[in-house]
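Just so it is clear, the model here is predicted, and its values are computed rather than measured.
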Amino acid sequence: MTTTETTSTSWFSRIGSSLRNILLGFVLLIVAVGLLYWNEGRAVKTEQSLTEGKSVVVSVVPDTISPTNDRKLVHFSGMAQTSGVLSDDEFGIRDNALKMKRIVEMYQWKEKSSSKTVNKLGGGTETTTTYTYSKEWNNSPIDSSNFRESNTHLNPTTKPFADQEWISPDTKVGMYMISPDMLASLSGYQQFLLTQGMLDVQSSSLPAQLKLVDNTLYYQTLDVTKPEVGNTRIRYEVIAPQVISVIYKQTGDTLVPYSTKNGETIHMIELGSKTAGEMFQNAQDSNKTMTWILRAVGALLMFVGFQLILGVLPVVGSVIPFVGSIVGVGVGLVSFLLTIAISCIVIAIAWLAYRPILAVALIAVAVASYVILIQKSKKI
């Protein structure tokens with residue numbers, strides 16, 4: 001189901017929008033510089049804290065709690081066991097698990113749009129936008145009030161049942177108590193197998209119009225192969241009792257996060273039997289991945305900022321369409337080179353106190369980008 005809309009924008013309107021975007025561009029530059037600088041400091045502090053933790057961690061056997069390890073960073077692996085049962089009283093689903101969660105999805109309309117803009121002689125533009133509507137299962141309510149055709153594509157504003165998560169309050173590994181706060185960061189959910197027998201036991205207290213199909217509960221759905229907007233489906237995932245590995249600070253008979261010399265904290269919990277070295281290596285790898293992700297986000301914000309600041313130039317040149325296109329390519333190249341140069345300078349400044357060799361290399365890349373930029377600008 002699609003609909004198409006065509007709009008025109010005058011050259012003067014485009015000039016006005018471009019001038020307003022300059023302020024937004026400077027805001028994005030400030031945010032990008034702040035993000036890049038903060039990220040490098042975060043990465044260095046995290047790396048230092050993990051290096052410190054790896055040098056002092058003590059591997060222990062969880063069957064006993066030794067007073068000699070009090071206030072030390074300890075590592076152990078063992079079977080996580082809980083005597084309690086996690087229960088979703090609303091649907092009567094129960095399981096002996098470390099964690100359990102209910103995932104509620106609703107069948108809804110979703111709008112997608114695609115636009116094609118054509119430059120016209122005189123600097124104006126004509127934009128044709130196509131809106132496509134489809135139905136899909138989604139975990140979050142989709143706001144249909146802003147749809148182009150909102151009157152004929154209405155979604156419910158809320159889900160009839162909320163997502164929920166339950167965490168075991170009495171989990172232990174050997175003699176060590178694993179608190180709910182520790183389990184909250186434990187990942188590795190698996191699908192929970194639902195059976196009709198579970199529902200039959202609770203049939204008198206279950207919501208009406210509920211049916212089990214392919215390990216999923218459907219609510220108010222006459223035909224699960226042809227759902228209607230507003231229909232709901234529910235599934236469960238659990239983390240069953242199993243071997244886990246932990247790195248925390250031992251304080252008496254409890255476990256708490258370990259504070260390093262630079263003010264960072266170390267607290268790790270993973271599924272499976274892992275050595276301390278493996279867990280610290282996983283943490284270092286995660287730190288590197290996050291560092292590069294935030295670098296990319298910062299660089300993208302900076303590039304968009306330069307595009308907005310310089311965006312008035314292609315609009316001025318678009319009085320003759322092909323001239324505006326050529327200027328637009330030039331603005332893109334300049335924005336790219338400026339992004340590389342300034343990003344490298346910011347990162348180099350942030351790392352100068354910690355990694356002087358890397359900082360010098362980044363400054364060299366920034367200088368090279370600046371030289372190329374000057375050469376290109378002379379040709380333009």
Side-chain angles (χ1 to χ4, degrees), residues 1-3 80 82-114 130-169 171 180 183-242 271:
M1 186 176 297
T2 61
T3 184
T82 175
S83 59
V85 175
L86 301 181
S87 176
D88 180 358
D89 296 332
E90 195 166 12
F91 292 92
I93 304 301
R94 299 162 57 86
D95 191 41
N96 175 248
L98 305 181
K99 298 172 71 174
M100 181 173 74
K101 66 178 177 180
R102 179 174 75 190
I103 303 168
V104 181
E105 297 175 310
M106 191 163 59
Y107 202 60
Q108 304 170 74
W109 284 108
K110 184 174 182 179
E111 178 187 75
K112 292 182 180 180
S113 62
S114 60
T130 300
Y131 298 91
T132 303
Y133 297 90
S134 60
K135 301 174 187 176
E136 64 176 37
W137 292 101
N138 202 290
N139 182 247
S140 301
I142 299 174
D143 184 6
S144 60
S145 62
N146 295 321
F147 286 178
R148 186 66 185 86
E149 293 188 349
S150 58
N151 292 334
T152 55
H153 300 86
L154 294 174
N155 285 329
T157 57
T158 59
K159 297 191 295 186
F161 308 103
D163 294 339
Q164 287 198 41
E165 183 178 52
W166 297 267
I167 301 176
S168 169
T171 299
L183 287 176
S185 60
L186 183 63
S187 59
Y189 271 108
Q190 298 292 324
Q191 186 180 37
F192 178 58
L193 180 61
L194 297 172
T195 66
Q196 189 61 47
M198 296 178 183
L199 302 181
D200 292 340
V201 172
Q202 302 290 332
S203 59
S204 60
S205 60
L206 290 178
Q209 299 177 314
L210 195 70
K211 64 177 68 175
L212 175 63
V213 179
D214 294 333
N215 207 43
T216 301
L217 292 174
Y218 288 85
Y219 176 66
Q220 293 182 334
T221 307
L222 297 178
D223 185 350
V224 298
T225 64
K226 298 178 181 179
E228 298 178 357
V229 171
N231 288 170
T232 305
R233 68 181 185 185
I234 305 162
R235 55 190 174 87
Y236 290 83
E237 293 181 350
V238 298
I239 298 180
Q242 59 190 286
L271 294 179

Using only heavy-atom distances, determine whether the side chains of Asp88 and Tyr236 contain a donor-acceptor pair under 3.5 Å.
-> yes

Just so I know, are the side chains of Leu194 and Leu217 near enough to count as touching, which here means a heavy-atom distance under 4.5 Å? yes

field: Short side-chain donor-acceptor distance under 3.5 Å, Asn138 and Ser140
entry: no

* Asked: Do Asn139 and Asp163 meet the criterion of a side-chain donor-acceptor pair at a distance under 3.5 Å?
  -> yes

Between Asp214 and Thr216, is any side-chain donor less than 3.5 angstrom from a side-chain acceptor? no

Q) Can you check whether Ala162's main-chain N or O pairs, donor with acceptor, with Arg102's side chain at less than 3.5 Å? A) yes

**OP:** Could you tell me if the ring centre of Phe161 sits under 6.0 Å from that of Phe91?
**Re:** yes

Original post:
Just by modelled atom types, is the Trp109 backbone N or O under 3.5 Å from a matching donor or acceptor in the Asn155 side chain?
Top reply: yes

Taking the six-membered ring of Tyr107 (Phe, Tyr or Trp), confirm whether the NZ or CZ of Lys135 is under 6.0 Å from its centre and within 45° of its axis. no

Next on the checklist: Just by distance, no angles: are the side chains of Glu111 and Tyr131 close enough, under 3.5 Å, to form a donor-acceptor pair?
Outcome noted: no

| request: List the steps, then state whether side chain to side chain contact (heavy atoms under 4.5 Å, CB included) holds for Ile234 with Val104. | output: CA-CA 5 Å; Ile234 305 162; Val104 181; 4.2 Å; yes

I'd like to know if Lys99 and Glu165 make a salt bridge, using a cut-off of under 4.0 Å between side-chain N and carboxylate O. yes

